[in-house]
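One structure below.
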Amino acid sequence: YAQQLPQITQYMNNNYAINPAIAGMYDYYQVNTTIRNQWAGVNNAPRTNIISIYGRHNKNIGLGGIIYNDVTGPTSRIGSAVSYTYKLSLNKKVDLSLALQGGFTQFKIIKDLQTEHIDDPLLQGGDIVRTLPDATFGINLSGSNWYFGAALPQLLSSELNLMDDEVAKIYDEYRSNGKLARHIYILASYTYDINSSISLEPNLFVKAVEGATTQIDFGVKTQYKDLFWLGMNYQANNDLSSLAVLLGYNINNRFNIGY
């Protein structure tokens, strides 16, 4: 299940892309765009583009939507989804949000970009394109300066059926037809005001899926007077790119540009 889902580093700035229940936290709509080029300088390295819009429609209902494109070598995946979130107030300080997101995903293998195993029957003929329904369930607890939630993307665990019947007979014993595996995401954040000008925001992002090592991201972000921010992420169990430095600037409290 190698990187079935898009990977983003600045998840704290586009947290809806991780958990649709986040939409229940904000009493305004916001639009976020994420562009990520992983392993710069490496041919056919992963490239990800995401745009999302989300927020509370009224006191108890949050709405959102997302469109993404993820390319890795000869494989690509595009998709879109919309979500509905219902927020409950457990008490004066804690809210519970439940979300269901539904949409589609299109998986594609461009055979001309595959340079190895060219005699493999699976790689004969035209490109492989599969379009499937997809869903995500999310839950989120939040207070005035913190949140803790979980999401189950690829909830339907749809079969990709990458091979036609004749080729499938050859590979049947190896179960090579492909499946969108259900993942588990856990996302949490806490904001601490050091003083009236500086805030500190530690965060945690856990990604788990059957057959792969659980990945844990630790991050911290500090912001000065709502003008600019600086942060750092550390990914455990990732020897290729375990550390990332982040920075950003807020423009008129309406636009946030990060790198």
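No experiment lies behind these values; they were computed from the predicted model shown.
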Do any N or O atoms from the side chain of N233 and from the backbone of T9 form a donor-acceptor pair under 3.5 angstrom?
-> yes
Validation row: N14, I50 side chains within 4.5 angstrom (heavy atoms) | yes
Check the hydrophobic clustering (I, L, V, M, F, W, Y; side-chain heavy atoms under 4.5 Å; chains of links allowed) and say if Y234 and M232 are grouped together.
-> yes
Side chain to side chain contact (heavy atoms under 4.5 Å, CB included) assessment of T191 paired with L200 | CA-CA 6 Å; T191 301; L200 192 66; over 6 Å; no
Could you grab the distance from atom CD1 of I194 to atom CD of Q223, nearest 0.5 Å is fine?
-> 11.5 Å
Heavy-atom closest contact (R56 atom, Y29 atom, distance) = O-CE1, 3.8 Å
Do the rings of Y11 and F205 sit parallel, tilted or perpendicular, given the 30° and 60° boundaries?
-> tilted
Would you call I139 and L96 a side-chain contact if the rule is heavy atoms closer than 4.5 Å?
-> yes
Are L132 and V82 joined in one hydrophobic group, where the rule is that I, L, V, M, F, W and Y side chains link up if heavy atoms are under 4.5 Å apart?
-> no
Under 4.5 Å between side-chain heavy atoms, hopping through other hydrophobics if needed: is there a path connecting L227 to F255?
-> yes
Between the main-chain N or O of A181 and the side-chain N or O of H183, is there a donor-acceptor pair closer than 3.5 Å?
-> yes
Test L100 against T136 for side chain to side chain contact (heavy atoms under 4.5 Å, CB included), laying out the working first.
-> CA-CA 6 Å; L100 186 61; T136 298; over 6 Å; no
Pair D70-R36, salt bridge (Lys or Arg N to Asp or Glu O under 4.0 Å): steps then yes or no | CA-CA 9 Å; D70 192 46; R36 184 176 193 254; over 6 Å; no
For residues V94 and W146, determine if any side-chain heavy atom of one lies less than 4.5 Å from a side-chain heavy atom of the other.
-> yes
Is atom CD1 of I184 surrounded by more than 12 heavy atoms (other residues, nucleotides or ligands) closer than 6.0 Å?
-> no
When rounded to the nearest 0.5 Å, the distance separating CD1 of I78 from CG of N49 is 12.0 Å
Indicate the atoms forming the closest heavy-atom contact of A99 with P20, along with that distance.
-> CB-C, 3.7 Å
Would you please test Y147 and L187 for side chain to side chain contact (heavy atoms under 4.5 Å, CB included) and show each step?
-> CA-CA 8 Å; Y147 65 85; L187 182 63; 4.0 Å; yes
At what distance, to the nearest 0.5 angstrom, does CE of M25 lie from CG of L141?
-> 11.0 Å
Answer whether the closest heavy-atom distance between the side chains of Y86 and S97 falls below 4.5 Å.
-> no
Heavy-atom donor-acceptor pair, N91 side chain to K93 backbone, under 3.5 Å | yes
Backbone of K225 reached by a side-chain donor or acceptor of S197 within 3.5 Å | no
Do you know which two heavy atoms are closest between S80 and Y68, and how far apart they sit?
-> N-CE2, 4.4 Å
Does a side-chain N-to-carboxylate-O contact under 4.0 Å join K87 and D27?
-> no
In terms of hydrophobic clusters joined by side-chain contacts under 4.5 Å, are I186 and F218 together?
-> yes
Is the side chain of D226 donor-acceptor paired with the backbone N or O of N250 at a distance under 3.5 Å, no angle test?
-> no
Side-chain contact, heavy-atom cut-off 4.5 Å: Q101 with I66?
-> yes
Take W229 and L246 through the side chain to side chain contact (heavy atoms under 4.5 Å, CB included) test and state the conclusion after the steps.
-> CA-CA 8 Å; W229 53 268; L246 316 171; 3.7 Å; yes
Decide if atom CZ of R182 counts as having more than 12 heavy atoms of other residues, nucleotides or ligands within a radius under 6.0 Å.
-> yes
Atom CD of Q235 and atom NZ of K207: how far apart are they, to the nearest 0.5 Å?
-> 5.0 Å
Compare every heavy atom of S76 with every heavy atom of V71, then report the nearest pair and how far apart it is.
-> CG2-CB, 3.9 Å
In terms of the angle between their ring planes, are Y192 and Y190 parallel, tilted or perpendicular, with boundaries placed at 30° and 60°?
-> parallel
Would a 4.5 Å heavy-atom cut-off, applied to side chains only, mark Y16 and S52 as touching?
-> yes
Could you give the distance from CZ (R77) to CG (N69), rounded to the nearest 0.5 Å?
-> 11.5 Å
Can you name the nearest heavy-atom pair linking A135 to L156, along with the distance?
-> CB-CG, 4.1 Å
Pairwise side-chain contact, L230 with K221, heavy-atom cut-off 4.5 Å (strictly under) = no
Output the distance between atom CG (N32) and atom CD1 (I8), rounded to the nearest 0.5 Å.
-> 9.0 Å
Would you check, one step at a time, whether the test side chain to side chain donor-acceptor pair (under 3.5 Å) holds for E201 with N203?
-> CA-CA 6 Å; E201 181 184 346; N203 52 75; 4.9 Å; no
Close side-chain approach of D95 to L90, heavy-atom, < 4.5 Å | no
How close do Y224 and I198 get, heavy atom to heavy atom, and via which atoms?
-> CD1-CG1, 3.8 Å
Can you get from L88 to I61 by hopping between Ile, Leu, Val, Met, Phe, Trp and Tyr side chains that sit under 4.5 Å apart?
-> yes
